[in-house]
Amino acid sequence: MNSTPSLLNRILLTVLGLMLLAAGILLVLLATVPPVGAWWHSWSPGIWDGINQAFNATRFPGRTESWLWIVVALVLLLLIGLMVAWIAQQGKGRSNLLAAEYDPGDVPGDVRIGGGVAEQALKHALAGRPDLAGSMVATYDVKGSPALKVRLLPRQGVAPHLLAAEIAGLLAALEAVVGKETPVLIHIGAGARTRFGRAERVR
């Protein structure tokens, strides 16, 4: 329901993970395999000399500084800007507004109900249920309109359709209190917490 770039996140995490894995394997090989250490000592000085020559060949006239440092600084600034933009995209779409209505009564004005009202009310209603291993309620802004996402982790042996019907009843009661219908996505998932537990049946 949000615009978090999940595919881009997975690609970046995969690339970063592979880079860290390669660096770790290289460090282990350098410390444990003598031929790899000898190869590194024979290979790295040439690269270092090439870098030094590049900086020496790009010095400002009459100065010892190289203009390549300016390029490095610009690249780092660009990288920082991309990281800030990437961070800003995470979780985008979340909202803290559930309903907004203009009241033309004795004191005209806007009436706004925060998303925390619905989130806390539903979390309180779902807390302590023996048939749930976990739950999450969040408010999102979908095409300019508020919507709720209810994520449930039922325990083993719990019928999903019965659980969905009960949650629909809670949502109907919430809409009656708020006085406005809100689109709701009910996500019933599974995970380790659901596989290693079972529902407690009340007699």
Side-chain angles (χ1 to χ4, degrees), residues 1-96 119 123 126-127 131-143 147 149-158 160 185-199:
M1 292 180 67
N2 58 30
S3 57
T4 298
S6 302
L7 179 60
L8 177 61
N9 289 350
R10 293 189 180 97
I11 293 174
L12 291 176
L13 289 176
T14 301
V15 172
L16 180 60
L18 291 175
M19 291 174 60
L20 293 176
L21 179 62
I25 293 175
L26 178 60
L27 290 175
V28 171
L29 292 176
L30 288 174
T32 58
V33 182
V36 176
W39 165 81
W40 178 263
H41 286 297
S42 64
W43 173 80
S44 56
I47 299 298
W48 184 250
D49 291 340
I51 294 175
N52 285 332
Q53 290 177 5
F55 276 89
N56 291 332
T58 54
R59 291 177 178 178
F60 289 106
R63 301 182 63 90
T64 59
E65 294 83 4
S66 170
W67 54 262
L68 285 180
W69 288 115
I70 299 177
V71 176
V72 172
L74 292 176
V75 170
L76 290 177
L77 288 176
L78 177 61
L79 181 61
I80 292 173
L82 292 175
M83 293 176 65
V84 171
W86 175 69
I87 293 173
Q89 291 295 322
Q90 308 307 309
K92 194 173 181 181
R94 290 291 297 268
S95 174
N96 55 8
E119 294 175 13
K123 287 178 182 178
L126 297 174
D131 55 348
L132 290 179
S135 63
M136 186 274 290
V137 183
T139 309
Y140 289 91
D141 183 6
V142 181
K143 295 182 179 179
K149 179 180 179 181
V150 182
R151 186 172 186 271
L152 306 172
L153 293 177
R155 298 186 186 277
Q156 283 188 336
V158 177
L185 171 65
I186 301 177
H187 179 272
I188 300 177
R193 295 175 64 185
T194 63
R195 288 193 292 268
F196 291 105
R198 63 179 182 180

So [Y] and [X], do their side chains get closer than 4.5 Å, heavy atoms only?
| X | Y | answer |
| --- | --- | --- |
| V137 | K123 | yes |
| P160 | I188 | yes |
| V150 | S135 | no |
| L132 | L153 | no |
| L12 | W86 | yes |

Identify, with sequence neighbours excluded, every residue that meets side chain to side chain contact (heavy atoms under 4.5 Å, CB included) alongside [X].
| X | answer |
| --- | --- |
| L29 | I25, V33, V36 |
| V75 | V71 |
| L76 | V72 |
| V28 | T32 |

Closer than 3.5 angstrom, by distance alone: can the side chain of W67 be matched with the main-chain N or O of F60 as a donor-acceptor pair?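 Checking the backbone N and O of F60 against the side chain of W67, no donor-acceptor pair under 3.5 Å is found.
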Report yes or no: does E119 contribute a side-chain atom to a donor-acceptor pair with the main-chain N or O of T139 at less than 3.5 Å? yes
Taking all non-hydrogen atoms of both residues, which atom of S42 and which atom of P45 are closest, and how far apart? C-CD, 4.0 Å
Using the test ring-ring contact (aromatic ring centres under 6.0 Å, His included), find all partners of W43 that sit at least two apart in sequence or belong to another chain.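 Only W39, W40 meet the ring-ring contact (aromatic ring centres under 6.0 Å, His included) criterion with W43.
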Roughly how far apart are [X] [atom1] and [Y] [atom2], rounded to 0.5 Å?
| X | Y | atom1 | atom2 | value |
| --- | --- | --- | --- | --- |
| T58 | I70 | OG1 | CD1 | 10.0 Å |
| H187 | M136 | NE2 | CE | 9.0 Å |
| L13 | L18 | CG | CG | 11.0 Å |
| L26 | L21 | CG | CG | 11.0 Å |
| I51 | S66 | CD1 | OG | 12.0 Å |
| D131 | L126 | CG | CG | 9.0 Å |

Could you pull out all residues at least two apart from D49 that satisfy side chain to side chain donor-acceptor pair (under 3.5 Å)?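 If we apply the side chain to side chain donor-acceptor pair (under 3.5 Å) test to D49, skipping adjacent residues, there are no hits.
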